[in-house]
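Remarks on the structure that follows.
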Amino acid sequence: MTALAFLALLFPLTISVLAQETSNSTNAPITENNPIRVTFQATLQSNKPVQGQITGVSNDNGTGVNFNVNFFSFPDAALGPFLYHIHQYPIDTSGNCTSAGGHLSPFGRAETPPCDPTQPDTCQPGDLSGKHGNISLAGEASAPDGSGGSNAIAAAAFQTTYLDLYVSTDPKNVAYFGNRSVVIHAANGTRLNCANFTQQMPTETFGGPGSNNTTATASSSPTGAAVSSLEVAKMQVFLCLGALTLAIAVGFF
Ligand SMILES: *[C@@H]1O[C@H](CO)[C@@H](O)[C@H](O)[C@H]1NC(C)=O
Ligand SMILES: *[C@@H]1O[C@H](CO)[C@@H](O)[C@H](O)[C@H]1NC(C)=O
Ligand SMILES: *[C@@H]1O[C@H](CO)[C@@H](O)[C@H](O)[C@H]1NC(C)=O
Ligand SMILES: *[C@@H]1O[C@H](CO)[C@@H](O)[C@H](O)[C@H]1NC(C)=O
Ligand SMILES: *[C@@H]1O[C@H](CO)[C@@H](O)[C@H](O)[C@H]1NC(C)=O
Ligand SMILES: *[C@@H]1O[C@H](CO)[C@@H](O)[C@H](O)[C@H]1NC(C)=O
Ligand SMILES: *[C@@H]1O[C@H](CO)[C@@H](O)[C@H](O)[C@H]1NC(C)=O
Ligand SMILES: *[C@@H]1O[C@H](CO)[C@@H](O)[C@H](O)[C@H]1NC(C)=O
Ligand SMILES: *[C@@H]1O[C@H](CO)[C@@H](O)[C@H](O)[C@H]1NC(C)=O
Ligand SMILES: [Cu+2]
């Protein structure tokens, strides 16, 4: 009797331990040493419901990415609360949001259980609305993680800013989002609209090319974006040397 009760108690415990052991999911680390002020923006497609854009700029100290979210022209508040995520793949040329694949989740975190915003490192890095709040047009959206985000809901517009510590602007980081996409969903999961993230040149206020100050451009040059003429010159010299070596080798043998 007691043994049976004991076993009955033990059984679900064993299952849960087993489940934890077979899951490869690890918590997301805070991203550090992101190349600073590198900006990626995704602008929703004009021929689909919901308009606007989301912009991610790596933080000035290299830790995490500051997001500015600006969505409007929602079809119907009743289809909400709306969700949005960074998805794994870019959008295909036809704009079909299915092509985005699943959420950016480089550490094996599955869709369930739902993200607990008080433990954002346990969430999928791409689950931005899970970590920073759903889009509810009925009232003020919350920033449940206390990330200091400010939320203001106009009639049918959603605007928020927050620092996300788990995605990266560094292409060498598995949580890099610069070559991926954003998808906005109705509450039932339907993909309403989506867009590729594309890299933006640093703005004038950041002393980038817009400020016509070449000194500043060099220091804030985004990784892999522009190859300087010096770099091109170096490459040409390298190629010439290579050709020369080849010519000598062919001549000799
Ligand atoms: C765990 O990792 C193994 C080997 O890397 C893989 O075959 C398996 O599919 C992973 N399981 C989950 C739940 O991700
Ligand atoms: C970087 O700045 C953010 C606030 O913008 C702060 O939360 C974080 O702790 C800082 N990280 C480091 C390593 O200083
Ligand atoms: C998204 O990016 C991919 C890869 O760069 C490109 O092939 C595709 O056309 C883009 N999709 C849209 C809708 O712009
Ligand atoms: C988008 O792609 C999915 C999967 O390939 C397909 O089932 C669906 O019909 C496509 N939607 C459109 C509008 O082409
Ligand atoms: C995006 O970049 C990451 C990091 O460099 C890479 O692992 C991933 O394969 C890339 N994804 C696509 C769709 O190009
Ligand atoms: C966000 O919306 C989803 C889908 O409607 C829901 O499952 C989830 O509980 C909501 N999260 C919060 C914090 O309201
Ligand atoms: C979700 O809602 C949309 C809009 O009302 C509807 O067209 C679609 O069929 C629904 N999808 C599911 C899976 O319920
Ligand atoms: C570019 O530099 C010139 C000379 O320093 C200055 O007069 C001009 O206002 C600058 N333009 C911009 C867009 O900053
Ligand atoms: C250009 O930017 C650099 C670095 O921010 C600064 O030191 C320099 O004074 C600037 N030059 C001009 C002409 O504004
Ligand atoms: Cu999504």
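Order of listing sets the numbers, starting from 1, for every ligand and every atom in it. What you are looking at is a predicted structure, and each value in this text was computed from that prediction instead of being measured.
- Under the 4.0 Å distance rule, the nearest protein heavy atom to atom 14 (O) of ligand 7 falls inside the cut-off.
- Inside a 4.0 Å radius of atom 7 (O) of ligand 7 there is not any protein heavy atom.
- Between N68 atom CG and Q159 atom CD the span is 5.0 Å, to the nearest 0.5 Å.
- Other residues, nucleotides and ligands place more than 12 heavy atoms under 6.0 Å from the CZ atom of F72.
- Between H85 and H103, the two ring planes are tilted [angle within 30° to 60°].
- Regarding atom 10 (C) of ligand 4, its nearest protein heavy-atom neighbour is N96 ND2, 2.4 Å.
- In this structure a side-chain-to-backbone donor-acceptor pair under 3.5 Å is missing from K131 to C115.
- For atom 4 (C) of ligand 4, the nearest protein heavy atom (residue, atom name, distance) is T98 CG2, 3.8 Å.
- Rounding to the nearest 10°, we obtain 100° for the angle at the Cu ion (ligand 10) between H185 NE2 and H85 ND1.
- The atoms of ligand 7 that sit less than 4.0 Å from any heavy atom of L79 are 4 (C), 5 (O).
- Atom CG of N33 is surrounded by 12 or fewer heavy atoms from other residues, nucleotides or ligands within 6.0 Å.
- Contact annotation for atom 2 (O) of ligand 4: protein present (non-hydrogen atoms, distance under 4.0 Å).
- The CZ atom of R180 sits 12.0 Å away from atom CG of N196, with the distance rounded to the nearest 0.5 Å.
- Given atom 9 (O) of ligand 7, the protein heavy atom at minimum distance is N188 ND2, 4.8 Å.
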